[in-house]
Protein chains: 2
Amino acid sequence: MAKQKGRPEKKVHQNRNVSARISPAGEKGKSLRSAIPYSTVVRLAQYLRILERLEAVGTTKINSNELAKEAKVNSFLVRKDLSYFGEFGVRGVGYEIKSLIREVQRILGLNRERRVVLVGIGHLGRALLSYKGFAEEGFHICGLFDSDPAKIRTTVNDLLVRSVFTLEDFVEESGAVDIGIIAVPAFSAQFVANTLVAVGVKGLLNFAPIPLTVPPHIITVSVDLTTNLEVISYFLSQR
Amino acid sequence: MAKQKGRPEKKVHQNRNVSARISPAGEKGKSLRSAIPYSTVVRLAQYLRILERLEAVGTTKINSNELAKEAKVNSFLVRKDLSYFGEFGVRGVGYEIKSLIREVQRILGLNRERRVVLVGIGHLGRALLSYKGFAEEGFHICGLFDSDPAKIRTTVNDLLVRSVFTLEDFVEESGAVDIGIIAVPAFSAQFVANTLVAVGVKGLLNFAPIPLTVPPHIITVSVDLTTNLEVISYFLSQR
DNA sequence: ACGTGTGAAAGATTTCACAGCG
DNA sequence: CGCTGTGAAATCTTTCACACGT
């Protein structure tokens with residue numbers, strides 16, 4: 001959002017990061033309707049990771065205090081975050097992990113499979129492709145794209161690398177894509193974003209160190225690795 | 001909310017990052033003392049990237065409105081962010097890019113070289129190692145570490161991969177290390193963090209999807225890739 | 001008794017209006 | 001005149017206290 005034009009500046013914004021900020025990185029966005037803080041959504045995803053780890057070792061119940069300790073936030077915040085979406089606990093008792101996981105997954109929209117394409121098959125792209133966490137949460141990388149002729153038609157992890165110019169055909173033949181991951185250099189990131197938006201992709205995860213300009217209904221989350229190091233550098237200098 | 005993130009992790013925004021909070025954004029970091037918002041620091045790093053890009057194409061001056069447009073925030077915020085640290089512009093005119101870059105670099109502590117070690121030489125580690133952006137901003141990756149015997153003693157990008165158990169010797173022989181990048185699986189991340197802290201590393205950039213427990217004077221910024229995708233998923237579900 | 005859920009207070013960040021100065 | 005720098009207002013987020021249910 002944000003816009004800004006001539007003189008009169010309008011109001012909009014702020015969303016952060018992450019990690020990202022981000023947010024803190026880490027910025028906020030503009031939410032249509034909801035009064036739910038962006039940071040609540042980020043924390044929900046973190047709670048989910050913690051709950052899944054605990055469930056895997058056989059824990060069955062947890063209270064807001066314990067979850068807060070794991071997530072390194074305070075227990076008021078855990079309860080407030082959850083209360084935006086319903087009442088998932090039992091007073092005097094706590095939360096049942098299994099059902100809380102199910103609720104949080106539902107809130108985050110993880111109860112369906114998301115089709116994801118990865119654009120940019122460099123080192124970072126390959127790292128993302130081999131990252132286990134995505135598939136576990138229902139993010140299915142179904143297509144790889146690059147613009148380098150030397151990479152096109154090669155296979156990575158059993159997936160064919162295609163030309164970015166064939167994205168439209170790919171969507172037509174294999175079905176709609178929900179999310180595009182942009183792992184290309186800064187100079188081509190905006191072009192890739194435009195291409196993805198044009199074929200109907202609704203969410204972008206951008207690793208290029210440049211803010212993308214996209215239509216307002218497109219969700220964009222950017223991860224800038226250098227920014228994160230610079231933030232550390234800032235705090236190191238503060239003493 | 002809009003979207004866009006940026007985010008270290010700890011908390012961050014408009015381009016946020018989940019990363020932050022975000023912490024960031026992921027997740028973000030934690031600010032000790034200062035009255036300066038964490039998100040201001042994140043944005044400063046983003047402004048820097050924009051200014052450097054503009055300088056590279058020959059632009060010499062900019063005003064808060066133009067910079068705001070590039071960064072996708074509003075111009076009040078640009079001015080406020082900068083004003084926490086001094087008066088860098090000329091009223092009625094704007095900012096001289098070259099000198100503003102110098103100021104922002106100084107604020108972020110980039111006017112000195114930072115020694116960085118990378119722990120975890122998997123796909124992600126290799127991607128980070130070949131990432132150009134780090135060296136450009138003064139982050140010098142001077143040591144690679146892993147715990148896999150098959151990787152130890154091999155060479156990646158002309159750098160020897162060492163055992164994590166030799167970290168202490170490395171610091172003794174080659175000098176203090178400022179920042180450690182943790183690119184290992186979740187189950188060993190806390191151990192690696194402890195080891196890094198024990199040898200005097202003051203800042204951690206963590207890619208493992210688990211909140212680290214570290215002494216209060218250690219700066220930690222976490223980037224959780226799955227969290228970022230889940231945040232996108234949440235917003236996609238909201239319509 | 002005990003921990004959740006929540007309205008209200010406190011705190012933090014962003015937006016705004018405009019004074020200030022080249 | 002134009003754009004920066006900033007106190008004050010608006011907005012948003014977190015913390016808190018405590019009523020509520022079991």
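Values below: all heavy atoms of this structure, side chains included; hydrogens, waters and symmetry mates excluded. So you know, we letter chains A, B, ... as the sequences are listed, proteins then strands, and number each from 1.
- In the region residues 73-81 of chain A, proximity to DNA chain C at under 4.0 angstrom, judged on heavy atoms, holds for A/Arg79, A/Lys80.
- As judged by a 4.0 angstrom heavy-atom cut-off over every strand, B/Tyr84 is placed among the base-contacting residues.
- Interatomic distance, A/Ile219 CD1 to A/Ile179 CD1, rounded to the nearest 0.5 Å: 10.0 Å.
- Listed for the B/Asp178 side chain is a donor-acceptor partner under 3.5 Å among the backbone atoms of B/Arg115.
- At a non-hydrogen distance threshold of 4.0 Å, nothing from residues 100-111 of chain A comes into contact with DNA chain C.
- For the pair B/Ser75 (side chain) and B/Ala68 (backbone), a donor-acceptor distance under 3.5 Å is absent.
- Between B/Thr227 and A/Arg43, the side chains place no donor N or O within less than 3.5 Å of an acceptor N or O (distance only, hydrogens not considered).
- Look at OH on B/Tyr38: it is 14 Å from P on D/dT14, rounded to the nearest Å.
- The side chain of B/Ser64 contributes an N or O atom lying less than 4.0 Å from OP1 or OP2 of D/dT4.
- At distances below 3.5 Å, at least one donor-acceptor pair connects side-chain atoms of A/Ser233 with backbone N or O atoms of B/Leu108.
- At least one donor-acceptor pair closer than 3.5 Å links the side chain of B/Lys202 to the backbone N or O of B/Gly200.
- As a whole-Å value, the separation of B/Asn65 CG from C/dT15 C1' is 14 Å.
- Residues from residues 87-94 of chain B that place a heavy atom under 4.0 Å from any atom of DNA chain D, listed by number: B/Glu87, B/Phe88, B/Gly89, B/Val90, B/Arg91, B/Gly92, B/Val93, B/Gly94.
- A/Lys61 has its NZ atom 13 Å from the C1' atom of D/dT22, to the nearest Å.
- Checking side-chain atoms of B/Asn206 against main-chain N and O of B/Ile210 turns up a donor-acceptor pair under 3.5 Å.
- Side-chain atoms of A/Lys72 and B/Thr213 include a donor-acceptor pair closer than 3.5 Å.
- Distance check, rounded to the nearest 0.5 Å: CG of B/Leu128 to CD1 of B/Ile141 gives 7.0 Å.
- Between the OH atom of A/Tyr47 and the P atom of C/dT4 there is a distance of 12 Å, given to the nearest Å.
- Under 3.5 Å, the side chains of A/Asn63 and A/Tyr95 contain no donor-acceptor pair of N or O atoms.
- Look at CD1 on B/Ile36: it is 13 Å from P on C/dT14, rounded to the nearest Å.
- Residue A/Ser39 has a polar side-chain atom (N or O) positioned under 4.0 Å from OP1 or OP2 of D/dT14.
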Discussion item. One pair to check against salt bridge (Lys or Arg N to Asp or Glu O under 4.0 Å): A/Arg114 and A/Glu137. What are the steps and the verdict?
Written reply: CA-CA 9 Å; A/Arg114 300 283 184 185; A/Glu137 296 297 350; over 6 Å; no
